[in-house]
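Because the structure is a prediction, the values reported are computed rather than measured. These values consider heavy atoms only, across backbone and side chains, with no hydrogens, waters or symmetry-generated copies. Here is how names work: the chains are called A, B, and so on, in the same order as the sequence lines, proteins then strands, and each is numbered from 1.
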There are 2 protein chains.
Amino acid sequence: MCASDCKPITLKHIADLAGVSVSTVSRSLNGTSRISEATRQRIRSMAEELGFEFNASARSLITKQVGTIGVVLPPSYEEFGVNLYFNTLFNAIRAILERNDYDLIVAFPANRFTGQDNLRRLVTRRKVDGLIVMSPRLEPELLEFVRGSGMPFVFSHYPPPEGAEAELDFIYPDNELGGYLAARHLASLGRRRTFCLTSDADYELEYRLRLQGARRALAESGLSIGAEDILYGDMSIESGYRAVMNFRRSLGGYDSLLAFDDLMAIGALQAFAELGIAVPGEVSVVGYDDCELSGAMRPALSSVHQPREEMSLVTCERLMGLIEARRQGLERPPARRSVLRPELVVRESCGARSRGAGPRA
Amino acid sequence: MCASDCKPITLKHIADLAGVSVSTVSRSLNGTSRISEATRQRIRSMAEELGFEFNASARSLITKQVGTIGVVLPPSYEEFGVNLYFNTLFNAIRAILERNDYDLIVAFPANRFTGQDNLRRLVTRRKVDGLIVMSPRLEPELLEFVRGSGMPFVFSHYPPPEGAEAELDFIYPDNELGGYLAARHLASLGRRRTFCLTSDADYELEYRLRLQGARRALAESGLSIGAEDILYGDMSIESGYRAVMNFRRSLGGYDSLLAFDDLMAIGALQAFAELGIAVPGEVSVVGYDDCELSGAMRPALSSVHQPREEMSLVTCERLMGLIEARRQGLERPPARRSVLRPELVVRESCGARSRGAGPRA
DNA sequence: TCCTGTTGCGCAAACGTTAGCACATTTTTC
DNA sequence: GAAAAATGTGCTAACGTTTGCGCAACAGGA
């Protein structure tokens, strides 16, 4: 190698060493255009030996591609519960993109404290080739900006808000179906009276859909969920615990709980334990998201599993498709909405035998 | 704005519009060199209005600065427990760097599955200005490579392995002290017989130091921890649970548990609950890391709080110092090791009254 | 009036790469 | 054996910045 102040190797170095022009080296390495097999081999092995890599800045100046994707995390990502869920998604996406030689930069739609958003910067400075938006929504003005910039982007995880334009790409799980599956299972266990633990946060669309699905399932068995059967929390363990504790005098008539969030479900489990209410003996509990924690609880929590792997895959493919189209100067492919199927994972809190069973076990 | 296929605004556009040269625009915007106050103002407001931002690639080609920092996460980051801890650190660091106009790219020392590491790529392609290494160690060969590349980098969180070269920068919490504080507290509560739950993973240095500190504290009270008092797990809730369950016949003589990891501590709490052993009545429990989950457990878990805020701050300042020095072509500042103080957070599992008390409550 | 200094700005080279074009050489085709 | 086509390579102009140098204009001092 070389001393610590050494200049990085450039195409020119290789060209001089091989006695050819810079273009020839470039073409040999990129495999573009006609080059004799002999020189190609020779140049490649020289580059290999020298540990040459293209200077990303120089290259992108010409190709307009930087090899980096921005992932826009939800503004509340600093919060425990949110990052618990999104980390898995983030990791899955990262793995896929890495295979395609993309690096990942994290972005936020707006920093609550500084008010500054690095998202806009990333776009205008051309530091990314595309965006995966995992934020429930972008400010209309910001959305308009991103769109006007021509930067490819897709929404992942959050369902499109009502009235969202049809020309946007969304990839998200079927929340209504998830709620349906959970509630249907409870009904099939013979549970007749269910109460719900949901969120009053501003992401509520997801939660409303889950409730809607649950109602549809119960209706099939002649059951229902009334306004008085619904408790609210803020998606934290604490809030689930408190909600159930506050509700304890009215708990008598219920034989099941449907929590639209795993953390709140876990809080509820704690409350039941403290109140001496047996799970699943007296009350069956189902959560939502199937976060990593759930299988490790006592009793292990049944939960609606989000199709994160599939979601990651579809998201990346979609985005890469948009990027490729743009690179080739083609028309932007028509927007699509991909709705993925969640799955119910039954564990002890519903009366299943073994601990931590399910996809991830 | 402009149509979606519009070219981004460049210095040239502004120059043409203002009737000056490109250099003048550049200098007005950067504030470098002499420019009349009048034109400076005029150019600035024009740029503002047009929403101009420098093209990062073009700029970095000349300045050799890309405005991006690579964060090297531990290879086991995909695992729940690990990301639970590092996320907080990552977020804190991100917030600091964002204020300094840096973006963050995630890197891995080596992908276990593909064998490929994007870290090397990031360095040779010059996609980052510096690295924050949160991995317990780098392969000697990789370390040599990074060092030889002249890329500024610092280690954060993990203590330097024995024999680590002194010319490397490390910022990490005092594990020995953490173990000491936890054990001393148990002794001060009148607990006379403690067993430990530690890890047998290859990060063990941290864990060995924690044990060492615990032993020192107990020795001050004439107590000790023998080999038979030590259980091993893999830093998961499950493993903590199983370790204690397997140990249940021998549990009689003990009045306290020191777990060198919060997740294992939580698993132990579950086991105690199942075995009908009262916490903190019969056994006091202290964990380590003070992860977000701990305060929410029942009983709330006492834990050694890692100085993550301070660590983030020191890490970023150190790295930015190195980058700045390099930019100015100065000598690399001498390496430093910053050892930070952890703090014990006492909650219910040790007999504290309120739930979720502590720094984060 | 001349000299010296300062101020404000433009020119042009550089950064490392890609790609269109031209040209020389080889191969194919009739 | 000549024309046409294919092949391999170099030249050169980009891409959007920064920056050293030079030059004109102007000010102040003698």
Next on the checklist: Closest-nucleotide mapping onto DNA chain C: is A/Phe54 or B/Thr24 further toward the 5' terminus? I mean the 5' end.
Outcome noted: B/Thr24
Next on the checklist: If you assign B/Leu61 and B/Ser33 each to the DNA chain C nucleotide with the nearest heavy atom, which residue ends up on the more 5' nucleotide?
Outcome noted: B/Ser33
Options [options], nucleotide nearest the side-chain atoms of [X]:
X: B/Arg34; options: C/dT18, D/dG22, C/dG16; answer: D/dG22
X: A/Asn55; options: D/dT18, D/dG10, C/dG16; answer: C/dG16
X: A/Lys64; options: C/dT17, C/dC15, D/dC15; answer: D/dC15

Could you tell me the separation between the [atom1] atom of [X] and the [atom2] atom of [N], rounded to a whole number of Å?
X: A/His13; N: C/dT17; atom1: NE2; atom2: C1'; value: 14 Å
X: B/Arg27; N: D/dT18; atom1: CZ; atom2: C1'; value: 9 Å
X: B/Ile14; N: D/dG16; atom1: CD1; atom2: C1'; value: 12 Å
X: B/Lys12; N: C/dA12; atom1: NZ; atom2: C1'; value: 15 Å
X: A/Glu37; N: C/dT26; atom1: CD; atom2: P; value: 19 Å
X: B/Ile43; N: C/dC9; atom1: CD1; atom2: P; value: 9 Å
X: B/Leu29; N: D/dT18; atom1: CG; atom2: C1'; value: 13 Å
X: B/Ile62; N: D/dG16; atom1: CD1; atom2: P; value: 15 Å

Next on the checklist: Can you tell me if A/Ser36 touches the phosphate of D/dT9, counting only side-chain N or O atoms and a distance under 4.0 Å to OP1 or OP2?
Outcome noted: yes
Next on the checklist: Counting only side-chain nitrogens and oxygens, does A/Arg59 get under 4.0 Å of the OP1 or OP2 atom of C/dT18?
Outcome noted: yes
Checklist entry - Under 6.0 Å from the CD atom of A/Glu49, do we count more than 12 heavy atoms belonging to anything else shown? => result no
Checklist entry - Take atom CD in A/Gln328; do more than 12 heavy atoms of anything else shown fall under 6.0 Å from it? => result yes
Checklist outcome for this item: Between the CG atom in B/Asn87 and the CG atom in A/Asn83, the distance rounded to the nearest 0.5 Å is 4.0 Å
Checklist outcome for this item: When rounded to the nearest 0.5 Å, the distance separating CD of A/Glu167 from CG of A/Asp169 is 10.5 Å
Checklist entry - How would you label the contact of B/Thr39 with the nucleic acid (heavy atoms, under 4.0 Å): base, sugar-phosphate, or nothing? => result sugar-phosphate
Next on the checklist: Between A/Tyr85 and A/His157 (judged by ring centroids, cut-off 6.0 Å), do the two rings come close enough to count as a pair?
Outcome noted: yes
Next on the checklist: Can you work out whether B/Ala58 or B/Ser23 has the more 5'-proximal nearest nucleotide on DNA chain D?
Outcome noted: B/Ala58
